[in-house]
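In the text below, chain A, chain B and the rest are named by the order of the sequence lines, each starting its count at 1. Both backbone and side-chain heavy atoms feed into the values below; hydrogens, waters and symmetry mates do not.
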Amino acid sequence: MPLSIQEQTMLADSVGAWVARESPVTAFRRVRDAADPLGFDPAAWRSIAAMGWAGIAISEDQGGAGLGLAAAGLIVAGLGRALVASPLAATIAASAAILHGGDEAQRRLWLPSIAEGTAIASIACDEGGHHDPARLRTKAERVASGWRLSGVKPFVAEGSAATLFVVAADTGLFLVPADTQGLAREPRSMMDSRGHASVSLDVTLPADARLSDADLDTVLDGVRALAAAEMLGLADAVFAMTLDYLRVRVQFGRTIGSFQALQHRAATLFTRIELVRSCVAAALAALDARADDSRSLVSLAKAQAGDMLNLVTREAVQMHGGIGMTDEHDVGLYLKRAKMLEGAGGTSAFHRDRYARLNGY
Amino acid sequence: MPLSIQEQTMLADSVGAWVARESPVTAFRRVRDAADPLGFDPAAWRSIAAMGWAGIAISEDQGGAGLGLAAAGLIVAGLGRALVASPLAATIAASAAILHGGDEAQRRLWLPSIAEGTAIASIACDEGGHHDPARLRTKAERVASGWRLSGVKPFVAEGSAATLFVVAADTGLFLVPADTQGLAREPRSMMDSRGHASVSLDVTLPADARLSDADLDTVLDGVRALAAAEMLGLADAVFAMTLDYLRVRVQFGRTIGSFQALQHRAATLFTRIELVRSCVAAALAALDARADDSRSLVSLAKAQAGDMLNLVTREAVQMHGGIGMTDEHDVGLYLKRAKMLEGAGGTSAFHRDRYARLNGY
Amino acid sequence: MASGSEGFRRASRDWLGTHFPRALAGLGPRYMSSETPPEPTPAFLAWKRAIAEKGWGVPTWPCQYGGAGLSEEEAAILAEEMAAAGAWTPIGGMGVMMFGPTLLEYGTEQQKLRHLPGIADGSIRWCQGYSEPGAGSDLASLQCRAEDKGDHFLVNGQKVWTSGAQWSDWCFALVRTDPSDKRGGISFLMIDMRSPGVTVKPIRMISGSSPFCETFFDNVEVPKDNLLGATGQGWTIGKRLLQHERGGISQMSSDVPPLHALALTHLAISDDGRLADGELRVRIARCEMEALALALTVARIQSESEEGGPPQATSILKNVGAWLAQERAELMLEILGTRGLGWEGAGFAAPELEACRQWLFSKAVSIYGGTTEIQNDIVAKRMLGLKDA
Amino acid sequence: MASGSEGFRRASRDWLGTHFPRALAGLGPRYMSSETPPEPTPAFLAWKRAIAEKGWGVPTWPCQYGGAGLSEEEAAILAEEMAAAGAWTPIGGMGVMMFGPTLLEYGTEQQKLRHLPGIADGSIRWCQGYSEPGAGSDLASLQCRAEDKGDHFLVNGQKVWTSGAQWSDWCFALVRTDPSDKRGGISFLMIDMRSPGVTVKPIRMISGSSPFCETFFDNVEVPKDNLLGATGQGWTIGKRLLQHERGGISQMSSDVPPLHALALTHLAISDDGRLADGELRVRIARCEMEALALALTVARIQSESEEGGPPQATSILKNVGAWLAQERAELMLEILGTRGLGWEGAGFAAPELEACRQWLFSKAVSIYGGTTEIQNDIVAKRMLGLKDA
């Protein structure tokens, strides 16, 4: 049941209103300056959950809204516009993984508590510095009581806050509660000041911990498409901020937005953003519809979003000039989060390569 | 003995004066419209040879000027500025191959007649549509009387006019006079209206036809570096023509060169051209000096020249607008020759790949 | 999907199965966007007659004007079925893409009944009289005069880049009816190309063909009936027409075979099945991904404007479409290498020669229909609200 | 090469062998262009003293000002020998790169003797007082006032982006001595930062460090001796100084290890020895080739200006240098992946944290020293002769 354009607009508007009221960029600055390893404000997260957004993609029978990833993308983009620090994107992607690959018991065990915001979940996949799901070294072996998992995931998003990890190992995906004995985590301070952690695993899990029907690539495509949605939100905000500056900053006796070279570059940024808007919507809709071309479309969205946001944030800093290089100005905060998202779930180069392979060349 | 900057300027000036007097672009148009498979005006070629340019890179003891490829590059660039149709670049590259890889007898047999312009020479290497010297299918086999060569070179530059071919086969380079029995050629009408031909070989050659000391890559580097020099000449002319147009064409009540977006793009073109000027000079000097890094420098020059000229010619057409798309305007003639040179001796992609390999990655 | 539309899908498929000649499958680009189209065959002519009678060359136009009166949804189904069958419409050109939609919007009933059917059945060709030697990007400074002589206008002046003027029956032209008012002094005329005083001179292009002309008007009498809209409304109508042109350009490259298929047949392949040339592979992927992104954006903008969203994004789509057409032509030559640089005669296959001409012609795509620079100006000023000093 | 220069080469090598501490080999970038330089070690301080005594921090400056009076050829040999030994000069900064050469050109003998030796031995640090909040790219609209009070100027106003002002002893500043003449009313002052009325406020940058400050002048008295050139000559002198800055930026990245070496240690390699990521490999090649092209161009332009050729190409070199610095920083992060996104603390190696900070700081290179846009304006107008409307 895709949302109609009117419904999409209504949802986006309600997200915008919430952000303006509850969590503008100043809120992110407070979280950052507090330097709590959690990486977000628990009160904001409770408010997000109360809006029903944690369960947006969870089926109605498990306490969710059943609106799928397309609706989730609108929310994640809307929060991205103001750099809202929250574990929402990670949790939604994990919920989609359980919905997609879990059995009835697993769904019942986790999805209702995710939907009400009491469980925070995150997918732990990458191991080295690069996204390379085809070569995971985390081992999962059958043992008498179930499974034995060992490995290290050095940069897990929301790793400090998560109560549940969906762990990608060499032989499949596993549900690992954060309080499992043998799971250790240590916060990692990263450029975007969000709640990353290194998670090491040397754990024994029950036999039913495995997401038996999960396909790793499909699970990761949720992460990727939501990252692209957040990137779109960042781009919208940075571009609006830059246009505002172009309209008011005066040099040589005129607004700098009256210089044609900057006008044409602004037109290019607008073009790139509008193309990504279509790609993100198509990718999320394809995932919801389990369409044949969903992989191609997700790689399209992530690659285009990466190139676009790299350009938009760099041009934003350049057009702001020196002021854009200061910590006091918001544009640098977007630049940092953008770089983090550029690599999340694979860089643009990774996804161009994947797109070409999917299309046979 | 590299030329001093003053000597370089004098040589370039004398080439410029000759071109203005003997062979401006109108002369190329006459050659083109005559559609003679030869692809150049024999009178112009006699005049070029009389200037001593055919022997510019040939040692003085063989009747040349002994000034090396660096000086040759200045001449080739100067002729390129006015699209002078002549077999000069091909002949110089072939003369450098004989000088580099030939024995005393081979040099004596060919170089004096090349220097005086009575022999026209060309290197025949490529076979398919792509420059791929590592996988040549032209076969050279030892036979009792010497060598047996067989193969097809479908697009040989100056193939209709050449009296001597330097043929690259799987086991080396061979001197093949155009009147050798079993050599057949057929003109090919190509985009740049120059004298290309398909050359098929089923010939028997004497034992001394092989350039025993020649290294194919070194021989091809001469072709490549001279192509880059010609490309630089084309770029200089096209850019000058475009600047002139920007200064005089009026739209919206002002010269289009007063629009900042075009000004900045013109600045970029200027920058790209100046970088290539340095790369071409360095590559030719390194070949003359047989320097260790000559291969890297030649690939640098050819790759940068290719990207630069592609950009410069496209921007030139764009900035000229509709008039630049007409056959009547010269810019299209440069666009066509530029595309031909882009692939000659390997595209920019070929040379970036080669540069990376030479540098171990 | 409603069952009515399934019925329409089946009916379309059946009709195409009966009427579309198999021999023409996939030849759309060769016939319709080639620099050197083939001579019309009997099969081609029969197909053109059949589709014209059905009104499917302009499926959404009302039936009384030669269309089929289809809804957007039905037209989309028809397009899908035609694509699936390799079918394509032989009815195209400026009349269908640009002038027809404008006439539908601004014409009187009498004008529509007179001019649309000939466009719809492909029997009447139209050319565009906009640019002049001194008025290219700065179109509003056009000088071609139309004096009001009571029952007719007397037209004097010169147009340039009148595409296909040498084969056209009619010309839609912007003319100056008031020298004292730059934009408000422009009117939109329909001019019969057989009128006394019209002279056409083809312009040879760098690609060797002459798809454009210079057109001279020397005391040409144009009846008042042939004024579209009101006197002085030409600038508004003319700009609206350009939006149709830009929309058309952004969708141009959708019905061509993918580059990677060509690359796989022409180039070396690694052991793992990838194109061995890593740089070219990335460029092809970029180009194909950009094409898909553009197609998705065209679809999104169309659906948003149907639901009342922002409609005026044609400028950005035109620029992306132009980039794509040019990059695609560049990549064709990269893939073919020297084989794609042949001009004519022996030694080259027809598609190789065609690639070369297309590469040359593609350089015009960022110039005609308003240059890339003009589109960027429009976006910056109208959509982004950046003002000049 | 003359035998004299061979002698100089040997002598340089010997001297470096004796005085350059092996432990510092290759650490130049860490000490001199890092966002988080290490604390000076005893070896570092000894090396700085030794090279200062020799005058080789500024080898071509005359001996009486603390240089070594070397010819350009000798300085080139010295640079080669230093590179071969992994040696580098610990004497740098704005005094050496920008202000010193300007002072050599415009200063009185007394001014040179007073200020150059402290720059040459690295004991006196200078900062730049150019930009103001309302005068960035449009530098000539600066407002910081210097009133002529007979034996001194009274300076009032604010500067911004004064780099290292919090650690600097002196500031070279552009000030307004005549409000009625935009460019002709600007003068060039040397201001002692310990003067009463100078206040410095560091600006925190996105990279977390504070290499720049806001500097406030409140009734600061500057003796007339500290005017460089004549009153009103500041714009000319100030622009000349910027050329030195731009020249410096274009040569910045020459002493850093090649990207491909880093890539080979961090990334997957194919069976044929190439980097497996074909797209990244091409970007690295492009970046390294562009760096070589820039180095060749710097050398060519230098040799041409020595022989009387065109000297004013610093603007294009500055832009290429800025692109390179930024692309290199981007590629460092591509190579390191998530490991290059760490901010501080456990889990990251020092070079990884450094790469992240450098990436952020690199975004300033196309802004300071005149933005890329300003350089393009200069090229278009002064070198290409394109005029404004």
Side-chain angles (χ1 to χ4, degrees), chain A residues 32 35 37 126-132 135 154-155 186-193 196-198 249-254 256 259 261-262 265 310 313-314 316-329 331-336 339-340 342-344 347-350 352-353 356, chain D residues 131 133-141 160-161 203-210 212 266-268 276-283 322 326 330 333-348 352-353 356-357 359-361 363-364 366-368 371-374 376-377 380:
Chain A
R32 179 189 78 151
D126 293 353
E127 296 175 345
H130 297 273
H131 182 69
D132 192 6
R135 268 174 292 278
F155 311 107
E186 195 182 348
R188 289 286 174 259
S189 166
M190 303 195 74
M191 179 160 51
D192 64 351
S193 306
H196 308 274
S198 172
R249 168 74 172 169
V250 172
Q251 289 281 276
F252 305 101
R254 46 196 276 205
I256 60 173
F259 285 98
L262 295 190
R265 282 156 56 188
N310 188 287
T313 50
R314 293 174 69 164
V317 171
Q318 181 70 20
M319 291 183 189
H320 276 86
I323 192 84
M325 288 294 298
T326 64
D327 187 71
E328 195 183 346
H329 197 283
V331 72
L333 304 176
Y334 287 86
L335 180 73
K336 292 171 183 175
K339 195 66 184 176
M340 204 77 208
E342 239 186 78
T347 62
S348 296
F350 176 93
R352 265 189 289 278
D353 178 67
Chain D
S131 297
S137 287
D138 182 12
L139 189 57
S141 53
V160 73
W161 314 124
I203 302 169
R204 190 170 184 225
M205 302 296 283
I206 56 175
S207 53
S209 65
S210 297
F212 302 106
H266 278 76
L267 299 173
D277 182 337
E279 179 166 344
L280 185 57
R281 177 171 179 264
V282 170
R283 281 182 69 192
Q326 292 177 349
E330 290 280 342
L333 291 202
E334 288 275 331
I335 291 166
L336 294 173
T338 319
R339 306 217 138 274
L341 305 180
W343 187 247
E344 61 190 8
F348 302 98
E352 292 167 351
L353 294 171
C356 178
R357 306 293 178 119
W359 176 77
L360 286 162
F361 188 73
K363 301 304 177 209
S366 52
I367 297 170
Y368 64 64
T371 62
T372 294
E373 291 76 14
I374 290 291
N376 279 336
D377 277 342

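Interface remark: S137(D) contributes backbone and side-chain atoms alike to the contact with chain A (heavy atom separation under 4.5 Å). For a residue to count as touching a neighbouring chain, one of its non-hydrogen atoms must lie under 4.5 Å from one of that chain's; by this rule T326(A) touches chain D with backbone and side chain alike. At a 4.5 Å heavy-atom cutoff, the contact between A135(D) and chain A is made by backbone atoms alone. Of the atoms belonging to D132(A), not a single heavy atom falls under 4.5 Å from chain D. Only the side chain of R352(A) comes within contact range of chain D, judged by heavy atoms closer than 4.5 Å. Neither the backbone nor the side chain of I256(A) has a heavy atom closer than 4.5 Å to any heavy atom of chain D. Interface remark: A261(A) contributes no atoms to any contact with chain D (heavy atom separation under 4.5 Å). Contact annotation for R254(A): neither backbone nor side-chain heavy atoms come within less than 4.5 Å of a heavy atom of chain D. The contact between F155(A) and chain D is made entirely by side chain atoms (from C-beta outward), counting heavy-atom distances below 4.5 Å. Only the side chain of I374(D) has a heavy atom closer than 4.5 Å to any heavy atom of chain A.
The shortest side-chain heavy-atom distance between D277(D) and L267(D) does not fall under the 4.5 Å cut-off.
Most heavy-atom pairs under 4.5 Å with chain A, from the set V160(D), L333(D), L336(D), T338(D): that is T338(D). Comparing D377(D), L360(D), L280(D), T372(D) by how many heavy-atom pairs each has under 4.5 Å with chain A, the most go to L360(D). Listed options E342(A), R249(A), E328(A), H131(A) were ranked by heavy-atom pairs under 4.5 angstrom with chain D; first place goes to R249(A). In terms of heavy-atom pairs under 4.5 angstrom with chain A, the leader among E334(D), R339(D), R204(D) is R204(D). Ranking H196(A), K336(A), M340(A) against chain D, the residue ahead of the rest is K336(A), based on heavy-atom pairs under 4.5 Å.
Atom CE in M190(A) sits 12.0 Å away from atom CH2 in W343(D) (nearest 0.5 Å). S198(A) contributes atom OG, which lies 6.5 Å from atom CD of E186(A) (distance to the nearest 0.5 angstrom). Rounding to the nearest 0.5 Å places CH2 of W359(D) at 5.5 Å from NZ of K339(A). Atom NE2 of residue H329(A) and atom CD1 of residue I206(D) lie 11.5 Å apart, to the nearest 0.5 angstrom. Rounded to the nearest 0.5 angstrom, E279(D) CD and S348(A) OG are separated by 7.5 Å. The distance from atom CG of N376(D) to atom OG1 of T371(D), rounded to the nearest 0.5 Å, is 8.5 Å.
Using modelled atom types, one finds a donor on one side chain and an acceptor on the other under 3.5 Å when comparing S366(D) with Q326(D).
Under the 4.0 Å criterion applied to side-chain N and carboxylate O atoms, R314(A) and E330(D) are assigned as salt-bridge partners.
By the 30° and 60° cut-offs, the orientation of the rings of F212(D) relative to W161(D) is perpendicular.
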